[in-house]
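Whatever order the structure lists them in is the order used to number ligands and atoms, beginning at 1. Every value quoted in this text rests on a predicted model; they were computed, and no experiment measured them.
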Amino acid sequence: MDIVEEARRVFPGGVNSPARALPHLPRPLTALRAEGPYLYADVGRLTDFCMGFGPLILGHRPKAVLDAVREALENGWLYALLTEVEVELGRKIVEHVPSIDMVRFVNSGTEATMNAIRLARAVTGRDLIVKFDGNFHGSHDYVLVKAGSGAATWGTPTSSGIPGDVVRTVIVVPYNEPEPFMRAMKEHGERVAAVIVEPIAANYGLLVPDRDYVKLLREETARHGSLLIFDEVVTGFRVGLGGAQAFYGVLPDITTLGKVIGGGFPIGAFGGKREYMSLVAPSGPMYNAGTFNAHPISMVAGLATIRELERGDAYRIADSAASLMAEGIEEIAGAKGIDVSVNRAASMFQLFFARGPVRTPEDVRKSNVDRYLSLHSVLVRRGVYLAPSQYETNFTSAAHSEDVVAESLSAIRAALDEVK
Ligand SMILES: Cc1ncc(COP(=O)(O)O)c(C=O)c1O
C-alpha cells in the first residue's frame, strides 16, 4: 500500500491539517518516530526545527514527560471528574502568567481563542473584534478573517462557509503599525469588545514588535473600554514562564494558551482576571464545556514539561540554539552575498530572503518566498527540517545542543549553494 495514495483517498488533500501537505516537496513526508531533536521520516533522519509547530520545547519524547505519561496511563485516562493534576497545572499557570487569576482548560488553541472572544463579548456586551493582518488564532469562524483592501478594513473571510454576519463583526488592521490601529480604535473603539493579538507573531514568519507598540495596544484598548486578548498559544511558556506578557511587561485582560502547556498532547486554555473568569459556566452565563477539557494525559504531560522548564536549563539551551542558528544563518548568507534577514525571539527564529529588517506582514510578502521553499526542500534532502512554510516559525528545544546546531548550519551552508 502506498500510504500517501491511500491518504489521498480517505482524507481531503491527503492530510488532516493543511500545513502537512507540503506541496513544494515531491511527496508529503511520513513520520515514523522521533527522539530529541530528530524526526525519523520515510526520507530518513531530519533535525527538526518545526517541533510539532511549537509544543515540543523539551525536544521529542523527553524522559520526564514519557515517564509521567506512562505512569498516568496505568491509572486510566478519562474520568469526567476533577483531578489533582489539573489543579496542579492550573496553579502553575496562575503562578507564572502575570495576568491570569483563573483559567479554563480546553482542547486546542482554536477553542481557547474562540472562548476568549466569547468571554470578551460577554464582559463588554459589545460585538466587534479587532484582529491583525497576518496573526493566526486558529480555525473557528470569528478569526478566519483576513484583511480586505485598504489599510484598516472590514475583513474578508479566509475560508468559505463563514457567515457574512460573523465577518461583519471583525475589523482587520495591519500588524506592528501604530497609526492604522489607532485610527480603527478612534472610529470603532466604543463598539469593540476585544482586540486580539499575537504579542509576538509566529504565524507570518516571526515578527517581533517593540515594547512601545505592545504598550500602545494596552493603552488604546483601556481608553475605549475594550478588552485586550493576548493570544499566547505559541509564546506562552515558550519565551519564558511568564510568556510574552512578562517579556514585554504589558498585561492583557485575557490570555490564551496552548501548545507548550500540554507537553505535546492536545491542549488549550484561556484565563484572566477573576472578575472576568467568574462569568464562565458554571459560575456564570458564558458557556463553555468539553468532554475532553483538562484531559488527564495532557495535564500530566503539561505539568511534567513546566516542572522541567522551571529548572531553567531547558530555556537556556533552547534559546541559545535559536540565537546560534539566527547568527549563523546571517553570517553564512552574508559571506555568500545572499540577502537574508533573520528574526528571533527566545527559542524561535525565522529567516527571510530579504534585505533589511522584516517587521510587518507586508515586509514578509515582499521577501522571496519561493526561495524559502526551495531552501526547505534542499534541506530535507540534507537531513534538516525547517518550518515548512515561510509563514511558519522555526522552534528550537532543550534537545538542540551546540553540536546539533553546528551540524544544521553546515547543511544550510551547503544548501544555500543549491537554492534557486
Ligand atoms: C497563535 C496561535 N493561536 C491559536 C492557534 C490554534 O491552536 P490549535 O492549532 O491548537 O487549535 C495557533 C496554532 O498554530 C496559533 O499559532
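- Side-chain atoms of Asn115 and Arg104 form no donor-acceptor pair, as typed in the model, at a separation below 3.5 Å.
- For ligand 1, the polar-atom distance check against Glu198 finds no nitrogen or oxygen pair separated by under 3.5 Å.
- Residue Glu187 places its CD atom among 12 or fewer non-hydrogen atoms of other residues, nucleotides or ligands, all under 6.0 Å distant.
- What sits closest to atom 14 (O) of ligand 1 on the protein, heavy atoms only, is Lys259 NZ, 2.9 Å.
- If you number the atoms of ligand 1 from 1 as listed, the ones under 4.0 Å from a heavy atom of Gly138 come out as 4 (C), 5 (C), 6 (C).
- A salt bridge does not link Arg359 with Asp363: none of the charged nitrogens is closer than 4.0 Å to a carboxylate oxygen.
- Listed by number with element, the atoms of ligand 1 under 4.0 angstrom from any heavy atom of Thr110 are 6 (C), 7 (O), 8 (P), 11 (O).
- On a distance-only criterion, His137 and ligand 1 share no N/O pair closer than 3.5 Å.
- The pair Asp133-Arg365 meets the salt-bridge criterion, with a side-chain N (NZ, NE, NH1 or NH2) lying under 4.0 Å from an Asp/Glu carboxylate O.
- Of all the atoms in ligand 1, the ones that sit under 4.0 Å from a non-hydrogen atom of Gly109 are 6 (C), 7 (O), 8 (P), 10 (O), 11 (O).
- Proximity of Asn135 to ligand 1, defined as any heavy-atom pair under 4.0 Å, is not found for any part of the residue.
- Checked by distance only, ligand 1 and Thr113 stay at 3.5 Å or farther apart across all their nitrogen or oxygen atoms.
- For Arg307 and Glu88, the salt-bridge test passes: some basic side-chain N is under 4.0 Å from an acidic carboxylate O.
- Closer than 4.0 Å to atom 9 (O) of ligand 1 lies none of the heavy atoms of the protein.
- The parts of Phe136 lying near ligand 1 are both backbone and side chain, judged by heavy-atom distances below 4.0 Å.
- The distance from ligand 1 to the heavy atoms of Asp231 drops below 4.0 Å at these ligand atoms: 1 (C), 2 (C), 3 (N), 4 (C).
- With a 6.0 Å cutoff to the six-membered ring centre and a 45° limit on the axis angle, Arg218 does not count as a cation-pi contact of Tyr248.
- Among protein heavy atoms, atom 15 (C) of ligand 1 sits closest to Asn203 ND2, 3.7 Å.
- The proximity of Glu111 to ligand 1, defined as any non-hydrogen pair under 4.0 Å, does not occur for either the backbone or the side chain.
- In the displayed structure, Tyr79 atom OH is contacted under 6.0 Å by more than 12 heavy atoms of other residues, nucleotides or ligands.
- Using modelled atom types, no side-chain atom of His376 and backbone atom of Leu25 make a donor-acceptor pair closer than 3.5 Å.
- The contact set between ligand 1 and Ser108, taken as ligand atoms under 4.0 Å from a residue heavy atom, comprises 10 (O), 11 (O).
- Judged by distance alone, with hydrogens and angles left aside, the side-chain atoms of Asn343 form a donor-acceptor pair with the main-chain N or O of Val358 at under 3.5 Å.
- For ligand 1, the atoms sitting less than 4.0 Å from at least one non-hydrogen atom of Val234 are 16 (O), numbered in the order shown with element in parentheses.
- Residue contacts with ligand 1, taken as heavy atom pairs separated by less than 4.0 Å, involve Val233 solely via side-chain atoms from C-beta onward.
- Note on Arg45 versus Glu407: salt bridge recorded, some NZ/NE/NH1/NH2 to OD/OE distance being below 4.0 Å.
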